[in-house]
Participant: 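Here it is: the structure, laid out below.
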Protein chains: 2
Amino acid sequence: MITKTSLLATRALVFLAEAEQGVVASPRSIAARLGESPAYMAKVLRSLVKAGILRAEHGRKGGVLLNRRSSDVTLLAIVEACQGAIAGSYCQDIDDLRITCAFHKAAVELRDSVVNALSRWTLEQLAASPRPTKRLPGDAHCMMVGFAVSIAPGGAGTRSRSQKRTRRR
Amino acid sequence: MITKTSLLATRALVFLAEAEQGVVASPRSIAARLGESPAYMAKVLRSLVKAGILRAEHGRKGGVLLNRRSSDVTLLAIVEACQGAIAGSYCQDIDDLRITCAFHKAAVELRDSVVNALSRWTLEQLAASPRPTKRLPGDAHCMMVGFAVSIAPGGAGTRSRSQKRTRRR
DNA sequence: CTCAGACAATATTTATCCGAGTTAGCACAG
DNA sequence: CTGTGCTAACTCGGATAAATATTGTCTGAG
C-alpha cells in the first residue's frame, strides 16, 4: 500500500525537517545518514523535487531543501509524489454516484478513506516524533530508523537488500 | 490497492449471490458468464473456498456455492482472501502506540481506515446493485460488468488481456 | 552537484498447466 | 436388474510461465 520508495521519501523528508532551516543537503549525505543507497536516494529526491515538495540547488555545493513549511506537506502529497495519484476509482471517475454499481460506491469510499487518512498527517507531525520513545518489544524494529521490514500482505520481517549492502553508521 | 484478482473474486461472488440459493456453479460456467478465463477463475475460486467464503462440491457435477449468507460476507474478507491480510503496520505490530514513531501511528490509522471502509460493505449490498442504473457518461465502463480498466496509480483505461481473448456473450 | 531518462534486477500479479483424486453418467455384458 | 469399466466434469495443491510493477543503477549533459 505504501511502497518502499514512499517510505524512503518520508524518512528523507523527516531528516530534512529535523535539520536546520534552509540547510541544503546532498542526496549522498542523506543516504549516508539513513543507511540507504545514494543512487536510489537521488532518484527518490528527484520525484519530490518534481512534486514541489523539495527544491534543488545546482552546482558543486548543490542538493535539496524543503520547498514548503513542514506543516504544509501532507503524507498524502509525499505518497502521491512517489506512487502517483491514489487510484481514482475502480470504475472511471463519475460524478453522480447514484447511477453507479455498489462496488463503485465502495471503491470511492475506500479511496476517500485512504486520502483522508494520509491527509491528516503532516511532515511536521512526523518529524516531531521521528523515533520510538522506548526500546520496542521483542526484536521489533522501527522502519523510520532504518531496518526494513517486509510490508507485503501477511508480511514477514526480512532485511532489505540495501540494508545488507549498505553499511550503517 | 484492490488487485484484479480481488475484483474478479468480487464479480464471481456477486454472480453467485444473484443466483438461486444453493445453486452449485462450476468455474467454467462462471467464467463463461463473466467473460473471463476458466483457469484463472478456478484459481480465484479456490482461494475463496480456502477462506471459507465458498464451499466446494467434488465430482462430475461439482462446483462452488456460497458458504455463508451474503450479508455475512464483507468486502474485507473477499479482499483478504485474495491479497492476504491488509498490511498490519509499517512497523511491526505493537500494542502500545505511545512509544512508536509518528509514522507508525499514521500507518496504523491508514490500515484501520482501509479495514473499516472494506468492512462496511457486504456481498449482499454489492449484489443488490451490481450494475449501473443508467448508461455511464462518455465511454466509461463498469468494471463489475467486465470491461477492465487499469487501476494502477494514474490509471488509464485499457482492455485486459483476457477481455481481448475471451469472447463475451 | 542536478536532471532525465534508459536500463537492469527483483518482486509481485496475472494466468496457465498438470497429476492425483472424486463423482456422475453411460454403455455393455451377464 | 446389476455390476463393471470407461469417460467426462469437477476439486486440489501446487509448479510454472508471462506480464507487470517496484527497486535500484547508470550515463551523458548541464
Side-chain angles (χ1 to χ4, degrees), chain A residues 1-9 24-31 34-51 54-65 67 79 82-84 87 148 150-156 158-166, chain B residues 1-9 24-32 35-51 54-65 67 79 82-84 87 148 150-156 158-166:
Chain A
M1 202 150 47
I2 290 189
T3 65
K4 189 178 171 185
T5 298
S6 298
L7 178 63
L8 184 58
V24 173
S26 70
R28 194 200 286 182
S29 68
I30 301 174
L34 300 181
E36 298 291 341
S37 149
Y40 191 29
M41 179 65 73
K43 176 179 179 139
V44 169
L45 294 178
R46 270 202 291 287
S47 64
L48 293 174
V49 168
K50 199 162 183 173
L54 291 179
R55 181 158 52 82
E57 302 235 317
H58 289 246
R60 184 181 164 83
K61 285 188 170 179
V64 294
L65 71 169
N67 192 38
V79 169
C82 299
Q83 298 176 212
S150 170
I151 54 179
T158 55
R159 286 285 192 90
S160 69
R161 296 292 293 270
S162 66
Q163 285 307 311
K164 286 171 189 160
R165 290 208 293 281
T166 308
Chain B
M1 203 148 48
I2 291 190
T3 64
K4 186 178 172 184
T5 298
S6 297
L7 177 64
L8 184 57
V24 173
S26 69
R28 195 203 283 183
S29 68
I30 301 174
E36 297 292 340
S37 149
Y40 190 30
M41 179 65 72
K43 177 180 179 136
V44 170
L45 294 178
R46 265 201 298 288
S47 62
L48 292 173
V49 169
K50 199 163 181 170
L54 291 178
R55 180 159 53 82
E57 301 235 319
H58 289 246
R60 179 183 165 88
K61 284 189 168 177
V64 292
L65 70 170
N67 194 36
V79 168
C82 298
Q83 299 175 211
S150 171
I151 54 180
T158 56
R159 286 283 191 94
S160 71
R161 293 294 291 271
S162 66
Q163 285 307 311
K164 288 169 190 158
R165 288 208 294 282
T166 308

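Residue numbering restarts at 1 for every chain, and letters A, B, ... go by the order of the sequence lines. Predicted model, so just to flag it, every value in this text is computed and none were measured.
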Participant: How long is the line joining CZ of B/Arg60 and P of D/dC10, in whole Å?
Facilitator: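 About 9 Å, once rounded to whole Å.
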Participant: Rounded to whole angstrom units, what separation is found between the CD1 atom of A/Ile30 and the P atom of C/dC1?
Facilitator: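 Taking atom P of C/dC1 as the reference, CD1 of A/Ile30 is at 11 Å.
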Participant: Just checking A/Arg46: base, sugar-phosphate only, or nothing, at a heavy-atom cut-off of under 4.0 Å?
Facilitator: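 Here A/Arg46 touches the bases of the nucleic acid.
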Participant: Minimum heavy-atom separation for A/Ser6 and A/Ile2, please, with both atom names.
Facilitator: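 So the minimum-distance heavy-atom pair works out to CB-CG2, 3.7 Å.
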Participant: Between the main-chain N or O of B/Met41 and the side-chain N or O of B/Glu36, is there a donor-acceptor pair closer than 3.5 Å?
Facilitator: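 Not at all, since once roles are kept as given, no pair shorter than 3.5 Å links the two residues.
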Participant: Could you tell me the separation between the CG atom of B/Leu8 and the P atom of C/dA15, rounded to a whole number of Å?
Facilitator: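 Interatomic distance, CG of B/Leu8 to P of C/dA15: 8 Å.
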Participant: Between CG of B/Asn67 and CG of B/Leu48, what distance do you get to the nearest 0.5 Å?
Facilitator: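 Atom-to-atom, B/Asn67:CG and B/Leu48:CG are 11.0 Å apart.
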Participant: Below the 4.0 Å mark, does D/dT22 have OP1 or OP2 next to a side-chain nitrogen or oxygen of A/Thr3?
Facilitator: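 False: A/Thr3 side-chain N/O out of range (4.0 Å or more) of D/dT22 OP1/OP2.
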Participant: Counting distance only, does the side-chain N/O of B/Gln83 pair as donor-acceptor with the main-chain N or O of B/Thr3 below 3.5 Å?
Facilitator: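 Such a contact is found between B/Gln83 side chain and B/Thr3 backbone.
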Participant: In this structure, how many angstroms lie between the C1' atom of D/dA15 and the NZ atom of B/Lys43, rounded?
Facilitator: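 B/Lys43 atom NZ is separated from D/dA15 atom C1' by 10 Å.
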Participant: Side chain of B/Arg28, base of D/dA9: donor and acceptor closer than 3.5 Å?
Facilitator: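 Answer no: no donor N or O sits under 3.5 Å from an acceptor.
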Participant: Please compare B/Lys50 and B/Leu45 by the position of their nearest nucleotide in DNA chain D and report the one closer to 5'.
Facilitator: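 Its nearest nucleotide being more 5', the pick is B/Leu45.
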Participant: Within the 4.0 Å heavy-atom criterion, would you say A/Gly62 contacts the bases, only the backbone, or no part of the nucleic acid?
Facilitator: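 The answer is sugar-phosphate, as A/Gly62 gets under 4.0 Å only of primed atoms, P, OP1 or OP2.
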Participant: Taking for each residue the nucleotide of DNA chain C with the nearest heavy atom, is it B/His58 or A/His58 whose nucleotide lies nearer the 5' end?
Facilitator: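 The residue closer to the strand's 5' end, by nearest nucleotide, is A/His58.
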Participant: Out of C/dA15, C/dC3, C/dT13, which has the shortest distance to the side chain of A/Val49?
Facilitator: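 Closest nucleotide to the A/Val49 side chain: C/dC3.
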Participant: Go through D/dG24, C/dT23, D/dT11 for me and flag the one nearest to the A/Lys4 side chain.
Facilitator: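 My answer, after comparing the listed nucleotides, is D/dG24.
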Participant: Atom CD of B/Glu57 to atom C1' of C/dA24: distance rounded to whole Å?
Facilitator: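 Roughly 13 Å, once rounded to whole Å.
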Participant: Could you tell me the separation between the CE atom of B/Met41 and the P atom of D/dC10, rounded to a whole number of Å?
Facilitator: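 Rounded to whole Å, this separation is 14 Å.
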Participant: Under 4.0 Å between a side-chain N or O of B/Thr5 and OP1 or OP2 of C/dT13?
Facilitator: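 For C/dT13, neither OP1 nor OP2 has a side-chain N or O of B/Thr5 closer than 4.0 Å.
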Participant: Could you give me the CA-CA distance, side-chain angles and deciding distance for B/Leu45 and B/Ile30, then say whether side-chain contact (heavy atoms from CB on, under 4.5 Å) is met?
Facilitator: CA-CA 10 Å; B/Leu45 294 178; B/Ile30 301 174; 3.9 Å; yes
Participant: Base, sugar-phosphate, or nothing for B/Ala39, non-hydrogen atoms under 4.0 angstrom?
Facilitator: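 Base contact - B/Ala39 has a heavy atom under 4.0 Å of at least one base atom.
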Participant: Atom CD of B/Gln83 and atom P of D/dA21: how far apart are they, to the nearest Å?
Facilitator: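 Nearest whole value for this atom pair: 15 Å.
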Participant: Please report, rounded to the nearest Å, how far the P atom of C/dC17 is from the OH atom of B/Tyr40.
Facilitator: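 The distance from OH of B/Tyr40 to P of C/dC17 comes to 15 Å, rounded to the nearest Å.
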